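Let me begin by presenting the structure, written as structure tokens, before commenting on it.
Note that this is a predicted model, so its numbers are computed, not measured. In this chain, numbering begins with 1 at the start of the sequence shown.
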Amino acid sequence: MTEAITRLGRCTLCEAMCGLRVTTSGNRIVGIRGDEDDSLSAGHICPKALALADLRDDPDRLRSPVRRTEDGWRDISWEEAFDLVAERFARLRRRHGADSVAVYLGNPVTHSLGAMTHAPAFADLLGTRNRFSASSVDQLPHQVVARLLYGNQWLLPVPDVDRTAYFLVFGANPAVSNGSLMTAPGMGRRIRALLARGGTMVLFDPRRTETARLGAEHHFVRPGTDAALILAMVRVILDEGLARPAAYIDGLDEVRDVLAPFEPERAEAAAGVEPGTVRRVAREFATAPAAACYGRMGVSTQRFGTLCQWGIQLLNIVTGNLDRPGGTLLTRPAVDPIRTRQIDPGHQGRWRSRVRGLPEFGGELPVATLAEEIRTPGPGQVRGLLTVAGNPVSSTPGGPALDEALAGLDFMACVDFYVNETTRHADVILPPTEPLERDHYDLIFHMLAVRNTARYVPAVFPKPPGARHDWEIFRELGRRYGRFLRSRAWRAALMLRMPPERIVDLGLRTGPYRLSLKKLRRSPQGADFGELRPSLPRRLQTPRRRVHAAPPSLVAAAEEAVSELLEPPEPGALLLVGRRQLRGNNSWMHNSGRLVKGRARHHLLMNPGDMAARGLGEGDLVSVRSPAGVLTVEASASQDMMPGTVSLPHGYGHALPGVRLSVARRLPGSSVNALTDPASLDQVSGTAVLNGVPVTVERCR
Ligand SMILES: Nc1nc2c(c(=O)[nH]1)N[C@H]1C(S)=C(S)[C@@H](COP(=O)(O)OP(=O)(O)OC[C@H]3O[C@@H](n4cnc5c(=O)[nH]c(N)nc54)[C@H](O)[C@@H]3O)O[C@H]1N2
Ligand SMILES: Nc1nc2c(c(=O)[nH]1)N[C@H]1C(S)=C(S)[C@@H](COP(=O)(O)OP(=O)(O)OC[C@H]3O[C@@H](n4cnc5c(=O)[nH]c(N)nc54)[C@H](O)[C@@H]3O)O[C@H]1N2
Ligand code: SF4
Ligand SMILES: [Mo]
């Protein structure tokens, strides 16, 4: 019997960065609870933290490299795997040019320190313009707007939830997601505290969500129309003389001009929100002692995602709530690559995708175009693919078409520890250590948190013999691939040789608190630098440190959008939206028995009236059809759905041939991304439209 030991850890499954106390016995986890002393999470955890034990023990999780052969997967040595990947990518480059190998970086890259520091460096070494990531099915509109308004794509003001008096939210469900681009573990508790101190939360969402149920004032909004609503609110505030912008704001006259068509009465026909509500909320927001407006997936991954995010920034800007305590503020992270200008401030249109001519942003192309880049022959065709911590077959629009395209690649390698819907096509899979086996410092989410904190979390378990961390995989791939290059990419090669803790140490030393890794390690619970503080205009990276509120590209986009945006819906039409779930994590935690147990959660939620109109009963199998595809799923009545809208969660549909997820495979449900359309993008940013997808629903015969 080994003695039980409790160690401090951190959950890296979502953006909340909850502090953990992990009790171990030898190599096993015997208990996980929240760490009450963590200054950010204060003991909070959600059910997913406990599933870290399932992830650790999961017999389906790969522990060493595998190669696909005609008789199935064969274990191979790391040496063989590294040589094979380096050689095959080099060969493609030699024959067809660097762009013939594409890279896709998935969401957990941001949650693994070593993937964060080393995967982009290896992609640099590959030198391809066909770079993709989960950003273009996620937060890209925020980055586009931040670059245009504040001069850097990562200058993302965070809502000061703990001090605000008025929290206005569009298309986010933080009670389930625990916040995104707003690291605030325990969002339920924080929202209840806001209401308890007499504050207000107003939520616009086509579903009455778990967040609405915490006591927020909730309004239905027709999917895809928020921009009309948000811009109408800005207009009301400007018209009624309620604007109080800071001295460094320019361009509000141009904003006023472009907003002329956005009358609350016209917005009503499209969005289904009463003009009286729009006016009242706008006035309350403008006159509250401190107010913060925030919007996430529902208003990012929709047809006017960038206009929505512009409108949200404008609401904060015109009311003087940008950079005000209780409004929205920038963090001051201990490692601050924005300040030291080590991070790309963002650029757009330096090159375009080959087939559809879509502009890059910040060096990446919209992932909605990946399948056609693989399928379309000709010079520059994508023939090889590296995916890192991603599952684009499940998570990107037109997943089934991408699935087919992947089968036609010359060579595919994946850095991942599961054989999932995507990696089943790989020639080689290189599995990294699991999250509790490695040290962690959060380079991204400290930058987006509601408090300034810094924490270095040593691994809970030692690295198993023979295992490799994400960064070690890329360092080794880089070393071998580099031998094939005629000219050396020095910067990338140098970066690949540096261990992540060195990079963190350097970042801390050059950061605003002049820390070092040694100093930070002395406080195992982390350092707390307190609440967010005003820092504008000093931190702006725009010319003359001023904010031009009406960037020409956004003005043009708003003008162009007017007729489509203000168009009333066709009677009887249905629009599909997404739904995140507390017991799931995008496409990849469904193999945890303890998360998926209990009732099924994959149903299509529909308003009872819409079901009756189609003669549907509870649990009926229906076929859902969009311009892009069709799927079958059980329907379930929900009074929480706005009439004319239906909701499906993403990340289901695991039962494809070869997928090695024995628990997940047994789950019913289909991939919603069979319905989302790779042709349908937010024009400004290239972000996929995942919400507000037109569908028809009928009973399966
Ligand atoms: N438990 C859990 N937590 C997670 C994740 C997870 O998979 N599971 N994923 C993490 C990730 S990667 C992210 S990016 C975050 C996302 O965090 P959130 O954005 O907070 O999460 P979603 O559930 O996608 O919330 C989107 C909401 O928008 C609504 N919506 C859809 N269309 C529209 C629209 O047109 N207008 C408006 N106003 N609303 C609309 C939907 O009904 C939904 O309630 O969550 C993170 N946290
Ligand atoms: N319809 C629809 N589609 C969506 C969304 C939606 O709301 N609706 N949400 C979108 C959003 S916000 C996101 S972020 C994306 C997510 O989409 P992706 O990033 O493409 O996929 P994930 O489901 O996060 O899959 C993560 C993969 O990373 C692996 N992994 C986990 N940890 C590690 C690690 O430490 N190292 C390595 N190397 N691999 C690891 C897992 O095994 C899994 O295979 O989905 C998007 N797709
Ligand atoms: S909210 Fe849940 S998944 Fe997210 S970090 Fe905390 S415990 Fe992990
Ligand atoms: Mo995401």
Side-chain angles (χ1 to χ4, degrees), residues 141 168-173 201-209 211-212 216-239 255 258-286 293-315 554 557-578 607 609-610 640-647 680 682-684 689-695:
L168 174 58
V169 176
F170 295 88
N173 189 10
M201 175 164 175
V202 181
L203 181 61
F204 288 87
D205 195 305
R207 185 166 77 88
R208 199 175 297 110
T209 58
T211 304
E217 173 189 320
H218 170 259
H219 301 278
F220 283 140
V221 52
R222 190 170 150 258
T225 63
D226 300 78
L229 210 62
I230 299 167
L231 295 177
M233 287 183 185
V234 178
R235 200 194 125 141
V236 168
I237 292 167
L238 292 174
D239 283 355
V255 170
V258 71
L259 295 191
F262 292 93
E263 291 156 12
E265 281 69 20
R266 281 186 72 187
E268 179 187 22
V273 179
E274 285 179 13
T277 303
V278 174
R279 291 209 162 81
R280 175 178 57 80
V281 172
R283 285 176 199 137
E284 287 174 1
F285 186 82
C293 182
Y294 164 81
R296 255 325 255 125
M297 282 295 284
V299 287
S300 299
T301 51
Q302 56 135 290
R303 58 189 181 145
F304 296 114
T306 306
L307 285 184
C308 288
Q309 295 304 335
W310 182 37
I312 287 168
Q313 294 305 317
L314 284 176
L315 277 175
L554 299 184
E559 281 165 352
E560 225 168 274
V562 170
S563 59
E564 195 188 332
L565 189 50
L566 296 174
E567 200 177 308
E570 269 172 55
L574 288 178
L575 294 175
L576 172 73
V577 299
N607 183 278
D610 290 329
D640 293 329
M641 291 308 301
M642 179 178 187
T645 63
V646 293
S647 158
S680 181
D682 164 31
Q683 288 307 314
V684 191
V689 176
L690 306 175
N691 287 295
V693 176
V695 292

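T645 is not listed as a side-chain neighbour of R207, based on a closest heavy-atom distance of 4.5 Å or more. Between C293 and F170 the shortest side-chain heavy-atom distance falls below 4.5 Å. Between D610 and V646, every side-chain heavy-atom pair lies at or beyond the 4.5 Å cut-off. Between V562 and R266, some side-chain heavy-atom pair lies under the 4.5 Å cut-off.
Taking each heavy atom of A270 and R222 in turn, the nearest pair found is O-NH1, 3.0 Å. When every heavy atom of N691 is checked against every heavy atom of G578, the shortest pair comes out as OD1-N, 2.8 Å. Considering every non-hydrogen atom in both W310 and A558, the closest pair reads CZ3-CB, 4.0 Å. Nearest heavy atom pair, residue V684 against residue A557, reads CG2-CB, 3.7 Å. Closest heavy-atom contact between A271 and L229: CB-CD1, 4.0 Å.
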Item to check | side chain to side chain contact (heavy atoms under 4.5 Å, CB included) evaluation trace for D226 with Q302 | outcome: CA-CA 9 Å; D226 300 78; Q302 56 135 290; 3.1 Å; yes

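Applying the side-chain contact (heavy atoms from CB on, under 4.5 Å) test between D682 and each of C308, P141, S300 identifies P141 as the sole match.
Listed by first then second residue, pairs satisfying side chain to side chain donor-acceptor pair (under 3.5 Å) with a partner in residues 562-577 read R303-E564, not counting sequence neighbours.
Counting heavy atoms of neighbouring residues, nucleotides and ligands inside a 6.0 Å radius, atom CD of E274 does not exceed 12 of them.
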